[in-house]
Amino acid sequence: MPEERICHVCGTSCTEACPTCVENFKTRRKAEEMTGEEREKEVTDLLTGPKEVYMDMVLKRVEELVGRPVRTTELGFNPRLAQEARDRQ
């Protein structure tokens with residue numbers, strides 16, 4: 001059984017992905033309602049910051065922000081993805 005730990009994002013006690021962060025992740029703004037700079041910042045944060053959600057959620061969100069399918073091999077910090085998110089129409 002996984003060891004209990006404290007989420008370093010929100011402080012919730014958890015053993016896997018943080019349930020609080022997972023729920024908060026589901027309520028993010030729609031990409032279409034965001035400015036290019038907001039999309040760019042979110043992609044950068046998702047690819048460089050700590051993650052307490054499942055990777056399939058991160059991949060789906062990056063695809064929404066960029067506006068196209070993204071291969072998992074592109075998910076290492078890739079400044080081009082952040083630029084694509086900013087510049088998408």
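Atom set for the values below is all heavy atoms of this structure, side chains included, hydrogens, waters and symmetry mates excluded.
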Is there a donor-acceptor pair under 3.5 Å between the side chain of Glu23 and the backbone N or O of Thr20? no
Which heavy atom of Pro2 sits nearest a heavy atom of Glu16, and at what distance? CG-OE2, 4.3 Å
Any side-chain heavy-atom pair from Lys41 and Met34 closer than 4.5 angstrom? no
Distance-only, no hydrogens or angles: does the Arg39 side chain make a donor-acceptor pair with backbone N or O of Val43 under 3.5 Å? no
Which heavy atom of Thr15 sits nearest to which heavy atom of Glu4, and what is that distance? CG2-CA, 3.8 Å
Does a side-chain heavy-atom distance below 4.5 Å link Leu75 with Met55? yes
Are any of the side-chain heavy atoms of Arg5 and Cys14 separated by less than 4.5 Å? yes
Could you check if a side-chain atom of Leu59 sits within less than 4.5 angstrom of a side-chain atom of Tyr54, using non-hydrogen atoms only? no
Looking at Gly36, is its backbone amide N or carbonyl O close enough to the side chain of Arg86 to form a donor-acceptor pair, meaning the two atoms are under 3.5 Å apart? no
Would Arg68 and Glu84 pass as an ion pair if we require N to O under 4.0 Å? yes
Does a side-chain N-to-carboxylate-O contact under 4.0 Å join Glu74 and Arg71? no
Glu63 to Pro69 - nearest heavy-atom pair and separation: OE2-CA, 3.7 Å
Using salt bridge (Lys or Arg N to Asp or Glu O under 4.0 Å) as the criterion, list what pairs up with Arg61, not counting sequence neighbours. Glu42, Glu64
Which distance, rounded to the nearest 0.5 Å, do you find between the CG of Asn24 and the SG of Cys10? 7.0 Å
If you count heavy atoms of other groups shown closer than 6.0 angstrom to NZ of Lys51, is the number above 12? yes
When you look at Val53 and Val58, which way does the side-chain contact (heavy atoms from CB on, under 4.5 Å) test go after all the steps? CA-CA 7 Å; Val53 298; Val58 172; 3.7 Å; yes
Taking every heavy atom of Ala82 against every heavy atom of Thr44, the minimum-distance pair comes out as CB-OG1, 3.5 Å
Please test Lys60 against Asp56 for salt bridge (charged side-chain N to carboxylate O under 4.0 Å, His left out), starting from the C-alpha separation and ending with a verdict. CA-CA 6 Å; Lys60 182 179 178 193; Asp56 63 326; over 6 Å; no
Can you tell me how far the CD atom of Glu40 sits from the CG atom of Leu65, to the nearest 0.5 Å? 11.5 Å
Any non-hydrogen side-chain atom of Val22 less than 4.5 Å from a side-chain atom of Met57? yes
